Amino acid sequence: MNKRAEAGVMQAGLEASAFWMPYTANRQFKKSPRLLARAEGMYYWTADGRQVLDGQAGLWCVNAGHCRPKIVEAVRKQVAEMDFAPTFNMGHPIAFEFADRLAEVAPDGFSRVFFTNSGSESADTALKIALAYHRVRGEGQRFRLIGRERGYHGVNFGGMAVGGIAANRKMFGPGVAGVDHIRHTHDLARNAFSKGQPAHGAEFADELERLCAFHDPSTIAAVIVEPVAGSAGVLVPPKGYLQRLREICTRHGILLIFDEVITGFGRLGHPFASQRFGVAPDLFTVAKGMTNGTVPMGAVFASDSIYDAFMQGPEGIELFHGYTYSGHPLACAAGIGTLDTYAEEGLLTRGASLEAAFESAIHALKGAPHVIDVRNIGLMAAVELEPRPGKPGARAYEAFLKCFEAGVLVRYTGDILAFSPPLIAEKAQIERIFETVAAALKTVD
Ligand SMILES: Cc1ncc(COP(=O)(O)O)c(C=O)c1O
């Protein structure tokens, strides 16, 4: 065990720690911390040496499993060779190499990559590219951005504005002007216990037509959605829904942005969700699995026609946007090691061969205490629990704790347990995840 972690365990608690933890009940956590100290393959080890099966790929990101040798070695080599170099008016070969490698795995027609450092930055970058794209084409009146209820596009102002999870928005003022939302696609009454895409709800896309009529479609720049909403609890798009969104956007000259921060890099059994659903966006965002979570990085993929539109204008900087760390050498090295690992092990499509086993393992939870829905697609899934009266979220939190005590890491959001194991998972490990959940639910009131 590493010395700092050891020190953490030996400490009576972390109540006085300087670390203001993100998306965490700090006081509650610091009284009884859960510390992860080491990781390899499908497992973490806690600071006190317990092995924990990772049912969540870290935080939807460690798609190839932990501490994979090619990635570790690539980062080690790069940090010793060149730690940092700017990409504003300068370049370094590895950034160009990684962008070209990404374009090779991207869906046809997406040969341009803008580097960011996170999913949140990718969302904001995509929204800005959409606004600027219309402007360079002489349609600067398109300023509106449309998101969706229960959508998550990170925590920066643009992503927060188009995002649709109330708790993420309510403390932070009026946000960005000109934003509206279509309704979410969750419909338990008609779709509970669906396997794969639910049958009902394609018509929810028609809300976009309603907003077009209301605002005048020529004022709308872009619509952004996650192909499968992840953070709000794995909301799988109804059959035909994404196709309809695409049609409406095309009809009105609105750009369609897919936020593939979770669904990108093999989560749905295809490299990208757009390939699984057969619906092409105009821009899409990635992060997480792009570097297997090893070094923070994100990107926006732009269709060729969008990039080309920027390259028609006067000489000079075409897009006044970028981050100090766009194309950071360590992140690029991690990304190349990640793509090599994905390619060697066929991980970008491995989910397709595991999906049936994953589906039947999770649907075995139908009938378990408190379970009101089970849903899945690719290697992402959720179990929704009936909230305990007057205490929303308490049941899922307790189930999460019990699973962790039993050696399985899952995620919870509200009263939903979410699952996204690394794409290297074996069938027996998948079964263990859901058997642990079943046992945990029996002990939760
Ligand atoms: C769909 C989606 N977009 C954006 C983000 C934000 O990514 P980050 O936390 O890297 O900023 C997330 C994070 O979970 C996400 O799931």
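Everything quoted here is computed from the prediction, not taken from an experiment. We use all heavy atoms of the structure for the numbers below, so side chains are in, but hydrogens, waters and symmetry mates are not. Atoms within a ligand are numbered from 1 in the order they appear, just like the ligands themselves.
Rounded to the nearest 0.5 angstrom, Arg169 CZ and Met160 CE are separated by 7.5 Å. Separating the CD atom in Glu344 from the NZ atom in Lys70 is a distance of 3.5 Å, to the nearest 0.5 Å.
Using a 4.0 Å cut-off to heavy atoms of Glu226, the atoms of ligand 1 that qualify are 1 (C). Numbered from 1 in the order shown, with element, the atoms of ligand 1 that lie under 4.0 Å from a heavy atom of Ser120 read 6 (C), 7 (O), 8 (P), 11 (O). The contact set between ligand 1 and Asp259, taken as ligand atoms under 4.0 Å from a residue heavy atom, comprises 1 (C), 2 (C), 3 (N), 4 (C). Of all the atoms in ligand 1, the ones that sit under 4.0 Å from a non-hydrogen atom of Ile262 are 16 (O). Atoms of ligand 1 lying under 4.0 Å from any heavy atom of Ser118, numbered from 1 in the order shown and given with element: 10 (O), 11 (O). Listed by number with element, the atoms of ligand 1 under 4.0 Å from a non-hydrogen atom of His153 are 3 (N), 4 (C).
Relative to the six-membered ring of Phe404, Arg50 meets both conditions, a distance below 6.0 Å and an angle of at most 45° to the axis.
In Tyr152, the parts holding a heavy atom less than 4.0 Å from any atom of ligand 1 are both the side chain and the backbone.
Across every non-hydrogen atom of Cys332 and Ala95, the tightest pair is SG-CA, 3.7 Å.
One finds a salt bridge joining Arg76 and Glu73 here, because a Lys/Arg side-chain nitrogen approaches an Asp/Glu carboxylate oxygen to under 4.0 Å.
Heavy-atom separations between Lys288 and ligand 1 include at least one value shorter than 4.0 Å. Under the 4.0 angstrom criterion for non-hydrogen atoms, Ser231 is in contact with ligand 1.
Between Phe400 and Tyr412, the ring planes are tilted. Angles from 30° to 60° get that label. Ring orientation note: the planes of Tyr152 and Tyr23 are nearly perpendicular, at an angle over 60° on the 30°/60° scale.
Here the heavy atom of the protein found nearest to atom 8 (P) of ligand 1 is Gly119 N, 3.5 Å.
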